[in-house]
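Reviewing the structure listed below.
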2 protein chains.
Amino acid sequence: MKLITRDTDYAIRILCFMVEEPNKIFTTKDLVKKLNIPYPFLRKILQILHKNNILEAFKGKRGGFLLKKSIDEIYLLDLMNIFQGKFSLSQCLFKKKPCPRIDSCKLRKKLKKMEGYLLSELKRISLGSLLK
Amino acid sequence: MKLITRDTDYAIRILCFMVEEPNKIFTTKDLVKKLNIPYPFLRKILQILHKNNILEAFKGKRGGFLLKKSIDEIYLLDLMNIFQGKFSLSQCLFKKKPCPRIDSCKLRKKLKKMEGYLLSELKRISLGSLLK
DNA sequence: CAAAATGATACTTTTATAGTATCATTCATA
DNA sequence: TATGAATGATACTATAAAAGTATCATTTTG
Ligand code: FES
Ligand code: FES
């Protein structure tokens, strides 16, 4: 079971790499060379990071991407939300319909609790904290 | 993101249902009627529960399945292991090869910690505890 | 022996993840 | 001002995992 998918993982690596030269504009090609991520996939991820305001983008010749936020302001949970959708462990699987037991269900309550714990942990993990 | 897949979930329902008449031998058909699970899928799940020693199976006419363990001895984590494989959140995604950073990686360490917490919680959840 | 059950196992469908391709737009600069 | 080097937008394809189906063999009871 994966808590973190590949695109989130790549995003982490990209950002952690970029912060080493925080004022440099990186092209997709630059990053491909360093990070071993396939060019078109990397491109997609960069575009998404841009749309989500984490990177600044410059079009045209000499363009590329620039880190927009401090690495200490970017949290793992943000990236997970961006690439994996809202984090939730406790959806009932009962035949897709909303479950009749949904309020009383003990299992759901326990899952909610775990979900709460994970969220609180994930909230605290900034990319900065992964590098220190 | 799902912590619990459909087959595990169905297994929980099956066992929680069977415990209401702990000495009754249930056929697959009996359970289909009550549990709204497609017949062949239910059958597969029952076969797996049997192989894993949670149900006793009787072949032939008048056969069926009988709960073999007390519901208080069956833990959610057991079912997850059976249907979902060994629980692990913290595998590195780095290009499938074992990752060079695997020992020093901070992210992995944090995931390991969360994994540990989840395991400890899951270990404590018996099916019995979901019913009380 | 026939009917009614499970055993074993292989197959198919659906969904999610991972990855690719392509044309449009922008910008620097020769 | 045309060209090439970059991103924007978006649609597509491939792979893997989950969910579900099908089928023939075996066992048991009546
Ligand atoms: S069975 Fe539906 S929420 Fe638990
Ligand atoms: S990058 Fe491989 S274990 Fe973290």
Side-chain angles (χ1 to χ4, degrees), chain A residues 1-11 13-14 24-33 35-66 68 79-80 82-88 91 93-96, chain B residues 1-11 13-14 24-33 35-66 68 79-80 82-88 91 93-96:
Chain A
M1 193 210 143
K2 266 177 297 187
L3 193 60
I4 291 178
T5 55
R6 197 98 131 221
D7 37 14
T8 305
D9 187 72
Y10 283 160
R13 288 162 204 242
I14 291 164
K24 177 170 170 187
I25 292 178
F26 290 90
T27 71
T28 309
K29 278 183 185 166
D30 291 340
L31 294 166
V32 163
K33 273 184 222 145
L35 292 173
N36 244 285
I37 300 169
Y39 178 87
F41 197 24
L42 180 46
R43 206 152 125 53
K44 184 159 96 174
I45 292 168
L46 291 168
Q47 289 192 5
I48 293 171
L49 288 172
H50 170 226
K51 270 194 192 146
N52 284 277
N53 229 23
I54 290 173
L55 297 177
E56 192 160 359
F58 300 95
K59 291 178 86 171
K61 206 164 182 171
R62 302 217 139 219
F65 296 91
L66 181 68
K68 200 166 171 185
L79 298 177
M80 290 175 70
I82 291 169
F83 290 99
Q84 308 177 189
K86 187 157 174 303
F87 182 81
S88 166
Q91 297 145 33
L93 301 167
F94 190 61
K95 288 286 175 187
K96 289 164 193 180
Chain B
M1 194 210 140
K2 266 176 296 187
L3 192 60
I4 291 178
T5 55
R6 198 98 130 221
D7 36 16
T8 305
D9 186 73
Y10 284 160
R13 289 163 204 240
I14 291 164
K24 176 170 173 187
I25 292 178
F26 291 90
T27 70
T28 308
K29 278 184 186 167
D30 290 339
L31 294 166
V32 162
K33 272 183 223 146
L35 292 171
N36 243 284
I37 301 169
Y39 178 85
F41 196 23
L42 179 47
R43 209 152 123 52
K44 183 159 97 174
I45 292 168
L46 291 169
Q47 289 191 7
I48 293 171
L49 288 171
H50 171 226
K51 271 193 192 147
N52 284 276
N53 229 23
I54 290 172
L55 297 178
E56 192 160 359
F58 301 95
K59 292 178 84 173
K61 208 165 179 172
R62 303 218 137 219
F65 297 92
L66 182 68
K68 199 167 172 182
L79 298 178
M80 291 175 70
I82 291 169
F83 291 100
Q84 311 182 28
K86 188 157 172 305
F87 182 81
S88 165
Q91 296 145 33
L93 300 169
F94 190 61
K95 287 287 177 190
K96 290 166 192 180

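Basis for what follows: all heavy atoms, side chains included, without hydrogens, waters or symmetry-related copies. Throughout, a chain's letter reflects where its sequence line sits, starting with A, and its residues are numbered from 1.
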Grab the [atom1]-[atom2] distance between [X] and [N] for me, whole Å please.
{"X": "B:F26", "N": "C:dA5", "atom1": "CZ", "atom2": "C1'", "result": "16 Å"}
{"X": "B:F41", "N": "C:dT13", "atom1": "CZ", "atom2": "C1'", "result": "12 Å"}
{"X": "B:Q47", "N": "D:dT27", "atom1": "CD", "atom2": "C1'", "result": "14 Å"}
{"X": "B:D7", "N": "D:dT21", "atom1": "CG", "atom2": "P", "result": "13 Å"}
{"X": "A:R62", "N": "D:dA5", "atom1": "CZ", "atom2": "P", "result": "12 Å"}

> Any N or O donor-acceptor pair linking the side chain of A:R43 to the base of D:dG8 at under 3.5 Å?
Replying inline: yes
>> Is there, by distance only and without an angle test, a donor paired with an acceptor across the side chain of A:K44 and the base of C:dG19 below 3.5 Å?
In response: yes
Taking only side-chain N and O atoms of [X], does any of them lie within less than 4.0 angstrom of OP1 or OP2 on [N]?
{"X": "B:Y10", "N": "D:dG20", "answer": "yes"}
{"X": "B:R6", "N": "D:dG20", "answer": "yes"}
{"X": "B:K29", "N": "C:dA3", "answer": "no"}
{"X": "A:T5", "N": "C:dA16", "answer": "no"}
{"X": "A:H50", "N": "D:dT7", "answer": "no"}
{"X": "A:T27", "N": "D:dA5", "answer": "no"}

> What nucleotide among C:dA18, D:dA9, C:dA8 has an atom nearest to a side-chain atom of B:K51?
Replying inline: C:dA8
